[in-house]
Amino acid sequence: LSIDAWIDPPAYTGRPPVFLAEGDRTAEIPAGSTFVTRIAGSRRAPHLTLRSDGDVTRTTGSEIGAGVWEARLEITGDSTLRLAAPGTRENWTLTAIPDNPPRIRLLAVPDATAAGELDLRFSAEDDYGVTGYAMEFRPEDDDTAEWERLEIDPVSVTPAREEEGQSTLLETARHPLAGSRVNIRLIASDAAGNEGVSPELGVTLPERVFLDALA
């Protein structure tokens with residue numbers, strides 16, 4: 001009977017698999033990783049049990065070849081695993097490294113352009129990289145209003161010239177609130193679905209500037 005065990009981190013982390021050599025019974029892994037064990041030389045299916053935060057999850061190995069079985073379980077928090085196979089018992093203790101939400105903040109009060117755009121300069125960081133941006137806003141004098149969201153194309157976000165952080169232009173002129181006072185906040189999201197929110201800031205939402213009386 002031979003047993004192999006390894007960890008498959010989530011693809012978005014960019015981390016390679018972590019192989020658990022014989023005798024390795026502990027490991028620190030990104031939350032959301034998959035624990036994989038492969039057993040060769042067994043006539044019966046092995047059983048894998050995961051205990052985490054008082055919850056118990058069990059799975060039975062699937063036969064992937066003659067006498068070769070594989071079992072997989074996702075690791076979302078600190079866990080202990082127990083493998084029960086004919087003639088052997090194995091245990092592992094895994095510490096999950098949480099995927100924290102992105103951190104984002106405005107670096108300056110946004111300027112308005114004549115085309116009705118907000119010139120946003122901000123900084124954003126994440127454990128494994130920010131994958132999406134948005135700006136939310138609502139009337140400055142109505143804290144009960146729902147936040148409205150404008151998505152920011154990640155391609156439009158570029159490093160700020162000769163300054164720290166990043167910058168982008170976001171058109172707001174077509175929105176019904178254009179020209180009025182609003183509170184804005186920036187949103188950064190990552191591949192795991194976590195969102196980070198910047199502190200609120202009061203601004204006048206840009207509108208188109210028409211210099212021709214006919215327009």
Salt bridge check: are Glu70 and Arg72 linked by an N-O gap of less than 4.0 Å? yes
May I ask whether Ile187 and Leu177 are part of the same hydrophobic cluster, defined by side-chain heavy atoms of I, L, V, M, F, W, Y residues being less than 4.5 angstrom apart, directly or through others? no
Could you walk me through whether Trp6 and Leu20 pass the side chain to side chain contact (heavy atoms under 4.5 Å, CB included) check? CA-CA 5 Å; Trp6 67 91; Leu20 300 173; 5.7 Å; no
Nearest atoms (heavy-atom pairs only) where Ala96 meets Asp78: N-OD1, 2.9 Å
Please report the closest heavy-atom contact between Ser167 and Pro159, naming both atoms and the distance. OG-O, 4.4 Å
Could you tell me the separation between the CZ atom of Arg25 and the CG atom of Leu81, rounded to the nearest 0.5 Å? 11.5 Å
List the atom of Pro206, the atom of Ala112, and the distance in Å for their closest heavy-atom pair. CG-CB, 3.7 Å
Between Ser123 and Ile104 (side chain of the first, backbone of the second, donor and acceptor by atom type, cut-off under 3.5 Å), is there such a pair? no
Decide yes or no for Thr34 and Leu73: does some side-chain heavy atom of the first lie under 4.5 Å from some side-chain heavy atom of the second? no
Looking at CG of Leu83 and CG of Asn91, how far apart are the two atoms once the value is rounded to the nearest 0.5 Å? 8.5 Å
Atom OG in Ser198, atom CZ in Arg103: separation rounded to 0.5 Å? 14.0 Å
Is it true that Val157 and Val130 fall in one hydrophobic cluster, defined by side-chain heavy atoms closer than 4.5 Å? yes
Pairwise distance NE2(His47) to CZ(Arg89) - rounded to 0.5 angstrom: 9.0 Å
How far apart are the closest heavy atoms of Pro10 and Pro30, and which atoms are they? CD-CB, 4.2 Å
Between Ser79 (side chain only) and Ser52 (backbone N and O only), is there a donor and an acceptor less than 3.5 Å apart? no
Run the numbers on Thr26 and Thr95 for side chain to side chain contact (heavy atoms under 4.5 Å, CB included), then give the verdict. CA-CA 8 Å; Thr26 62; Thr95 301; over 6 Å; no
State yes or no: do Ile75 and Ile97 share one hydrophobic cluster built from I, L, V, M, F, W and Y residues joined by side-chain heavy-atom distances below 4.5 Å, directly or via other members? no
Does Leu201 share a hydrophobic cluster with Leu107, counting links as ILVMFWY side-chain heavy atoms below 4.5 Å and allowing steps through other members? no
Following the transitive rule for hydrophobic clusters with a side-chain heavy-atom cut-off under 4.5 Å over Ile, Leu, Val, Met, Phe, Trp and Tyr, establish whether Ile7 and Ile3 coincide in one cluster. yes
Ignoring hydrogens and geometry beyond distance, is a side-chain donor-acceptor pair present between Thr93 and Thr80 at under 3.5 Å? no
Just checking, Arg185 and Trp147: is the charged tip under 6.0 Å from the six-membered ring centre and within 45° of the axis? yes
Side chain Asp127, main chain Asn100, donor-acceptor under 3.5 Å: yes
Identify the heavy atoms of Pro110 and Leu120 that sit nearest to each other, and give their distance. CG-CD2, 3.7 Å
When you look at CZ of Arg44, are more than 12 heavy atoms from neighbouring residues, nucleotides or ligands closer to it than 6.0 Å? no
Determine, stepwise, if the pair Glu63 / Arg38 fulfils salt bridge (Lys or Arg N to Asp or Glu O under 4.0 Å). CA-CA 10 Å; Glu63 191 169 18; Arg38 190 169 291 171; over 6 Å; no
Would you say Arg138's side chain and Asp143's backbone share a donor-acceptor pair under 3.5 angstrom? yes
Taking Asp53 for the side chain and Asp55 for the main chain, is one N or O donor matched with an acceptor at less than 3.5 Å? no
Donor-acceptor pair, Thr113 side chain versus Glu117 backbone, under 3.5 Å? yes
Are any side-chain N or O atoms of Thr204 and backbone N or O atoms of Ser180, one a donor and one an acceptor, separated by less than 3.5 Å? no
Would you say that more than 12 heavy atoms from the other residues, nucleotides or ligands in this model lie under 6.0 Å from the CZ of Arg58, or not? no
Does either side chain, that of Glu151 or that of Tyr133, offer a donor lying less than 3.5 Å from an acceptor on the other one? no
Any side-chain heavy atom of Leu106 sitting closer than 4.5 Å to one from Leu186? yes
If we only count heavy atoms from C-beta on, is the Thr49 to Thr57 side-chain gap below 4.5 Å? no
Hey, does Thr131 have a side-chain heavy atom less than 4.5 Å from the side chain of Ser189? yes
Closest non-hydrogen contact found for Asp142 with Thr144 is OD1-OG1, 2.6 Å
Stepwise side chain to side chain contact (heavy atoms under 4.5 Å, CB included) test for Asp99 and Tyr12: CA-CA 11 Å; Asp99 186 346; Tyr12 68 81; 2.8 Å; yes
Mind running side chain to side chain contact (heavy atoms under 4.5 Å, CB included) on Ile64 and Trp69 for me, showing each step along the way? CA-CA 6 Å; Ile64 60 174; Trp69 307 81; over 6 Å; no
Quick check for you: to the nearest 0.5 Å, what is the distance between Phe19 atom CZ and Asp24 atom CG? 12.5 Å
Quick one: pull up CD in Glu148 and OG1 in Thr172 and give me the separation to the nearest 0.5 Å. 12.0 Å
Would you mind reporting whether Phe122 and Gln166 have side-chain heavy atoms less than 4.5 Å apart? yes
